Colleague: 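After the structure tokens below, expect a handful of questions from me.
Every chain is numbered from 1 and lettered A, B, ... according to where its sequence line falls, protein lines coming before strand lines. In this text, all values refer to a predicted model and were calculated from it rather than measured experimentally.
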Amino acid sequence: MAINWYKYASPASFYSLAGRMIPFFAILAFGLLVAGLYIGFFVAPTDFQQGEAYRIIFIHVPAAWMSMFLYVVMALWAGIGLAFNTRLSSMMATAIAPTGAMFTFVALWTGSLWGKPMWGTWWVWDARLTSELILLFLYIGFMSLQAAIDDPRRADKAGAIIALVGVINIPIIYFSVQWWNTLHQGASVSVTQAPTMASTMLTGMMVMVFAAWMYAIAVILKRVRVIILERERHTAWVSELNERGAL
Amino acid sequence: MDWSNWSEFLAMGGYGIYVWGSYLVTFACVIGEILLIFKRRRTLVKRYGQIFDANGEDTSYQDDKTAV
Amino acid sequence: MFFWIVQRDLLLAMRRRSDVLTTLFFFVIVVSLFPLSVGPEMNMLRMMAPGVVWVAALLASMLSLGRLFSNDYLDGTLEQMLLSSQSLSILVLGKALAHWLVTGVPLVLMAPVLGIQYDLPVDALFVLTTSLLLGTPVLSLIGAIGAALTLGLRGGGVLVSLLVLPLYIPVLIFGAGSVEADMAGLDYDAHLSLLGAFLLVSIVFAPWAAASSLRVSME
Amino acid sequence: MFFWIVQRDLLLAMRRRSDVLTTLFFFVIVVSLFPLSVGPEMNMLRMMAPGVVWVAALLASMLSLGRLFSNDYLDGTLEQMLLSSQSLSILVLGKALAHWLVTGVPLVLMAPVLGIQYDLPVDALFVLTTSLLLGTPVLSLIGAIGAALTLGLRGGGVLVSLLVLPLYIPVLIFGAGSVEADMAGLDYDAHLSLLGAFLLVSIVFAPWAAASSLRVSME
Amino acid sequence: MLQGSDLACVRGDRNLFKAVNFILKDGGLMQVNGPNGSGKTSLLRILCGLSAPAAGKITWNGKSVRTLGEAYYSELVYIGHLSGTKDDLTALENLRISSAFSGENISEHQAVEALVDMGLGGREHLPAKVLSQGQRRRVALARLLVSKAKLWILDEPLAALDVSAIQLVKNLLERHLKENGMIVMTTHQDIDMTAASIVQLQLT
Amino acid sequence: MLQGSDLACVRGDRNLFKAVNFILKDGGLMQVNGPNGSGKTSLLRILCGLSAPAAGKITWNGKSVRTLGEAYYSELVYIGHLSGTKDDLTALENLRISSAFSGENISEHQAVEALVDMGLGGREHLPAKVLSQGQRRRVALARLLVSKAKLWILDEPLAALDVSAIQLVKNLLERHLKENGMIVMTTHQDIDMTAASIVQLQLT
Ligand code: HEM
Ligand SMILES: Nc1ncnc2c1ncn2[C@@H]1O[C@H](COP(=O)(O)OP(=O)(O)OP(=O)(O)O)[C@@H](O)[C@H]1O
Ligand SMILES: Nc1ncnc2c1ncn2[C@@H]1O[C@H](COP(=O)(O)OP(=O)(O)OP(=O)(O)O)[C@@H](O)[C@H]1O
Ligand SMILES: [Mg+2]
Ligand SMILES: [Mg+2]
């Protein structure tokens with residue numbers, strides 16, 4: 001068992017393992033997405049307060065959750081890479097950042113499109129919104145720092161430090177609601193709805209959350225494979241793969 | 001379910017622009033991200049083909065040396 | 001020659017794409033800091049908006065002045081430029097243009113988005129963008145003088161602010177003033193024409209002043 | 001050794017007295033720009049005051065971060081420090097302390113004067129000064145991490161802002177928040193104790209993180 | 001013809017040199033010698049017009065270089081202690097850009113050739129910051145290979161170079177002299193040069 | 001005893017060197033030779049622990065320098081291409097502070113003496129930025145005069161120095177070797193040194 005883990009901790013074997021796992025997650029993501037959208041648009045009822053606008057929730061909430069979660073995961077991988085000098089973990093962190101930033105952006109965008117009809121404004125400087133924006137800056141900071149450094153080893157370590165220091169902001173996103181009076185609703189959807197109705201909404205939302213998860217895993221694996229290729233280009237196994245035309 | 005026709009579906013009870021604006025941009029982001037990864041990979045593979053071709057002699061030279 | 005300079009500086013900026021992005025994000029972050037520290041009342045934010053955006057644009061442009069000459073100075077390129085057979089003013093104009101393309105233009109493009117965060121009405125957004133479009137090149141040009149004067153002085157980064165800020169203030173007042181005038185329902189043409197006049201004057205005089213400053217700094 | 005570092009950095013700052021003065025003037029100018037661009041209504045200015053002073057302090061402190069390590073890096077002193085027989089964290093702590101003494105303390109001393117310009121009541125001035133006294137060292141310490149990480153990277157000056165600003169934001173919120181709480185007649189102790197907690201945490205962790213970053217950057 | 005008459009240089013409260021006179025003719029080499037701190041770099045910078053002498057004047061073909069300005073600069077290449085190479089640009093870009101400054105637009109092909117001649121083959125596309133000290137110096141000196149300027153002013157061109165590069169530079173300088181160019185240079189290393197006329201200027 | 005076993009260094013996609021082995025004993029001198037860009041500076045930085053080798057390890061008296069850390073640094077002086085002199089501090093302050101970094105607090109008197117020995121008499125109180133290239137280098141090298149460290153690692157110590165300064169440095173190095181110190185150095189200039197044992201390391 002232990003040997004197995006070691007085996008997959010090497011970029012070479014992880015590369016092929018990831019290659020085999022991607023289709024699985026991609027198909028799952030697509031299936032869940034279709035199911036989630038079906039429930040979201042054709043099963044879930046109209047909200048009696050918000051009308052149809054609430055249907056934004058099916059992407060807003062998954063994106064918002066993913067944005068925070070991916071940051072923690074990224075920091076974790078980066079930290080492991082820093083502590084144990086494992087290249088693969090650092091590459092994982094680098095691969096997660098763009099997807100995390102994308103979800104953060106989507107959460108901001110959908111939230112703001114939702115805010116216009118609900119609150120009458122695109123944007124308020126409310127705690128949760130602000131901290132989500134800071135999260136976007138953290139992702140961008142991480143990526144720009146890594147982009148500014150040419151030497152990948154140094155980029156990994158520097159990125160890990162800033163990612164770990166930035167983790168402080170995650171609890172702030174969570175608890176900031178208590179520090180400011182806030183427009184953003186903290187309670188879940190079920191409050192405004194009768195239980196049966198809410199449950200279809202909730203199901204739709206959860207299905208979409210899983211779809212987002214599967215999508216994130218697939219995309220991150222795909223990206224980490226590219227990063228592995230970029231970084232390991234001088235190794236024998238890459239040129240071997242290349243000769244076999246199996247890159 | 002209670003969409004009687006397409007235009008009603010697209011209107012989203014008057015919130016169409018917000019709902020579809022959200023979904024469209026989200027899917028644009030998702031598809032964009034996927035395309036970017038594929039493009040990054042393609043350029044990489046193409047470049048490697050060239051690099052390895054150019055280094056073809058190099059590796060054989062190393063082999064010779066170890067043989068000696 | 002002019003194009004060589006512009007092209008070279010753009011090339012350098014592209015090599016370091018992060019430079020362009022970071023100036024932009026600095027701008028974004030500064031604008032976003034104010035609501036955090038002032039509090040979230042929309043009415044007050046809306047009134048502050050033009051001032052804040054303009055101050056942020058000014059700071060972002062000013063901060064990137066450090067890079068305008070100092071890299072060329074440190075590695076000796078600037079000496080070579082002084083020894084160039086071309087008019088130094090033209091070189092300076094080229095560098096200022098490149099600086100504006102790299103730092104000013106992204107700010108102009110970003111400003112409307114930030115204005116939305118402060119809930120500005122659409123026509124105020126338009127005036128804001130126009131005023132920035134006219135004003136930011138002036139900032140780059142005036143900044144070139146300051147950057148040239150403080151070249152090689154330790155702490156130049158902050159000293160340059162000190163020299164340049166007083167000159168920036170008229171631009172700031174009329175830039176922010178145009179948007180405020182619009183929001184108060186007044187006419188903003190006068191403000192914008194003044195900004196335009198600043199731009200013309202600085203295109204004519206700033207390169208020459210900066211070139212002389214460079215010669216002084218390099219003695 | 002700690003004292004050698006502090007003493008040396010202070011000596012360097014004295015040699016370049018303009019550095020200290022320019023940070024301070026930068027602070028003063030930014031604070032004074034706002035009334036110019038926002039307009040002269042006293043009520044609004046008073047409400048803006050804590051936010052503006054804090055943002056200005058943050059920017060001033062951030063701008064001077066460039067100098068924290070980069071000079072030592074460029075002339076090879078930093079290499080020598082890494083090879084010193086002393087713990088690098090201690091060196092970093094010394095440099096951060098010197099940085100604070102040179103940039104933070106003048107701001108703290110100047111803040112009440114600026115607060116008066118915005119017509120702040122006396123006890124708000126007191127809270128403002130205290131919050132700056134607790135908060136500015138945190139800025140220097142966190143800043144040291146950013147400065148260490150971006151060492152030797154072109155465009156580091158702006159990149160460092162990008163890295164450091166998100167981390168500064170909690171300090172800003174509670175710093176400005178304490179004054180606003182006081183002006184609203186609320187209790188400001190909680191804010192100040194949080195700032196104190198930030199200070200302790202950053203004294204313990206920041207030098208270590210910055211030292212690791214330095215080692216990474218110098219590889 | 002480059003002529004300096006009665007040049008003096010003061011730095012702080014120190015008189016570095018005074019009454020320095022020389023005439024440098026076509027095909028002539030002037031070696032400025034002297035111990036550390038004797039004012040060689042200061043003199044060279046004065047000759048370039050980068051700083052003004054405390055007394056005396058410099059003429060180029062009979063006209064003061066101060067009034068000639070850009071007309072003088074276009075006939076001059078100065079390579080100082082600092083090599084003027086941009087860390088972020090590649091060796092190739094550095095060469096092409098620094099040549100463009102002195103008004104010589106060279107093609108990529110020419111530039112590559114010059115770099116290869118300077119022993120930088122295969123490193124044309126590396127950013128200068130990863131080059132070694134000697135390689136950076138070579139990039140700076142490659143400018144001489146493509147320059148059409150008549151007067152070369154070189155401050156310790158041999159610093160950081162290895163033996164083969166020194167030989168290379170020496171040949172380059174001699175060729176320039178043979179083609180009627182003029183060179184003013186300093187160096188602490190022994191180098192035997194043949195030239196139509198050699199002026200040895202000793203500073204103390 | 002400084003020992004390097006099987007050291008390798010990779011920069012970018014270039015293998016600078018591999019399988020470098022050496023043993024340096026008390027009183028021994030190691031000269032690292034090689035053309036520009038062969039990896040001399042890179043090797044020296046690795047020996048100092050400033051960067052990590054791609055393979056192999058370095059031991060100091062049998063213990064890995066990576067684990068020794070500060071204990072190793074306190075026995076080491078490294079003077080690189082950059083001299084680590086602060087433009088704004090005077091020569092005297094520069095010397096005292098750079099010595100303090102390596103844990104040697106020297107008195108003002110000692111420092112002045114060292115500077116005078118290095119031929120900087122009368123310039124102790126000038127800020128380093130007005131010094132000439134060679135004088136700056138002398139300030140950096142003055143550290144060797146007051147250092148008690150056993151191992152000196154010197155990257156082109158002779159660059160920019162005039163003939164008399166080179167002789168001075170040579171004497172200084174030989175004295176250190178005679179007192180059982182160890183030196184690792186690179187230089188492109190010919191210098192004949194006498195030492196108990198001399199290791200010539202050739203990089204290509
Ligand atoms: C730009 C604007 C917005 C941003 C950045 C944003 C951000 C977030 C974040 C970070 C979360 C996850 C936090 C958590 O689950 O505790 C979240 C959840 C949520 N948001 Fe937003 N949001 C925005 C606008 C809106 C608007 C306008 C609405 C509805 C009127 C909304 C409704 C919700 C709901 C219902 C949840 C799920 C809360 C739960 O059940 O836990 N959001 N949002
Ligand atoms: N402000 C000042 N006060 C006193 N002396 C000064 C001042 N500025 C410069 N100097 C002296 O002027 C001289 C400048 O020398 P310069 O750089 O021209 O020497 P160099 O001959 O090129 O020496 P090297 O061989 O070391 O390069 C130095 O001796 C320096 O000490
Ligand atoms: N990213 C990179 N890609 C390719 N080559 C690189 C990279 N970084 C460094 N190099 C090469 O590594 C070498 C570093 O050399 P180093 O500075 O150790 O040389 P050196 O022996 O000290 O030379 P010099 O005598 O010129 O000082 C150079 O040849 C440089 O071109
Ligand atoms: Mg000199
Ligand atoms: Mg070297």
Side-chain angles (χ1 to χ4, degrees), chain E residues 9-14 16 33-45 80-83 91 118-123 125-139 141 155-156 158-169 186-191 202-204, chain F residues 9-14 16 32-45 80-82 91 118-123 125-139 141 155-156 158-169 186-191 202-204:
Chain E
C9 173
V10 179
R11 286 275 174 275
D13 41 13
R14 206 174 292 267
L16 286 185
N33 304 315
N36 289 144
S38 54
K40 302 181 294 299
T41 300
S42 310
L43 177 62
L44 261 50
R45 288 177 57 89
H81 277 307
L82 295 168
S83 25
M118 285 308 291
L120 290 168
R123 285 180 165 98
H125 294 287
L126 285 182
K129 72 174 157 213
V130 307
L131 294 179
S132 82
Q133 205 71 4
Q135 288 168 336
R136 296 174 66 102
R137 196 79 193 150
R138 288 172 186 223
V139 174
L141 291 170
D155 199 358
E156 310 225 13
L158 308 182
L161 295 184
D162 62 17
V163 187
S164 67
I166 290 180
Q167 191 54 45
L168 220 92
V169 171
T186 71
T187 174
H188 289 298
Q189 277 160 279
D190 287 332
I191 177 171
Q202 183 71 35
L203 302 178
T204 46
Chain F
C9 175
V10 180
R11 287 275 173 275
D13 39 14
R14 206 174 290 269
L16 287 185
V32 183
N33 304 315
N36 289 143
S38 55
K40 301 182 294 300
T41 300
S42 309
L43 176 63
L44 262 50
R45 286 177 56 89
H81 277 306
L82 295 168
M118 284 308 290
L120 291 168
R123 284 178 166 99
H125 294 287
L126 286 182
K129 70 174 158 212
V130 306
L131 295 179
S132 81
Q133 205 70 3
Q135 288 168 336
R136 297 173 66 103
R137 196 80 192 148
R138 289 174 186 223
V139 174
L141 291 170
D155 199 358
E156 312 226 11
L158 308 181
L161 295 183
D162 61 17
V163 187
S164 68
I166 290 179
Q167 192 53 44
L168 219 92
V169 171
T186 70
T187 175
H188 289 297
Q189 277 161 281
D190 287 331
I191 177 171
Q202 184 71 35
L203 301 179
T204 45

Colleague: For E:Leu141, give me all partners under side chain to side chain contact (heavy atoms under 4.5 Å, CB included), at least two apart in sequence or on another chain.
Modeller: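 Applying side chain to side chain contact (heavy atoms under 4.5 Å, CB included) to E:Leu141 gives E:Ile79, E:Met118, E:Arg137, E:Leu144, E:Pro157, E:Leu161, E:Val169.
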Colleague: Check whether any side-chain N or O of E:Asn36 sits under 3.5 Å from a backbone N or O of F:Ala165 as a donor-acceptor pair, and report yes or no.
Modeller: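 Answer holds: no.
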Colleague: Quick one: OG1 on F:Thr186 to CG on E:Asp162, what's the gap to the nearest 0.5 Å?
Modeller: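 The CG atom of E:Asp162 is 12.0 Å from OG1 of F:Thr186, to the nearest 0.5 Å.
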Colleague: If you define the side chain from C-beta out and look only at heavy atoms, does anything of F:Lys40 sit under 4.5 Å from E:Gln133?
Modeller: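 Of all side-chain heavy-atom pairs linking E:Gln133 with F:Lys40, none is under 4.5 Å.
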Colleague: If you tally heavy-atom pairs under 4.5 Å against chain F, which of E:Glu156, E:Gln189, E:Arg11 wins?
Modeller: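 Answer, by heavy-atom pair count under 4.5 Å with chain F: E:Gln189.
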Colleague: With chain F, which of E:Arg138, E:Arg14, E:Gln135 has the greatest number of heavy-atom pairs at distances under 4.5 Å?
Modeller: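 Of E:Arg138, E:Arg14, E:Gln135, E:Arg14 has the most heavy-atom pairs under 4.5 Å with chain F.
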Colleague: Counting heavy-atom pairs closer than 4.5 Å to chain F, which one of E:Gly119, E:Gly34, E:Gly12, E:Ala160 comes out on top?
Modeller: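 Answer, by heavy-atom pair count under 4.5 Å with chain F: E:Ala160.
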Colleague: I need the minimum non-hydrogen distance between E:Gly37 and F:Ser132, along with the two atoms involved.
Modeller: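 Where E:Gly37 meets F:Ser132 most closely, the heavy atoms are N-OG, 3.2 Å.
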Colleague: According to side chain to side chain contact (heavy atoms under 4.5 Å, CB included), who are the partners of F:Val163, at least two apart in sequence or on a separate chain?
Modeller: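 Partners of F:Val163 by the side chain to side chain contact (heavy atoms under 4.5 Å, CB included) criterion come out as none, since no residue qualifies.
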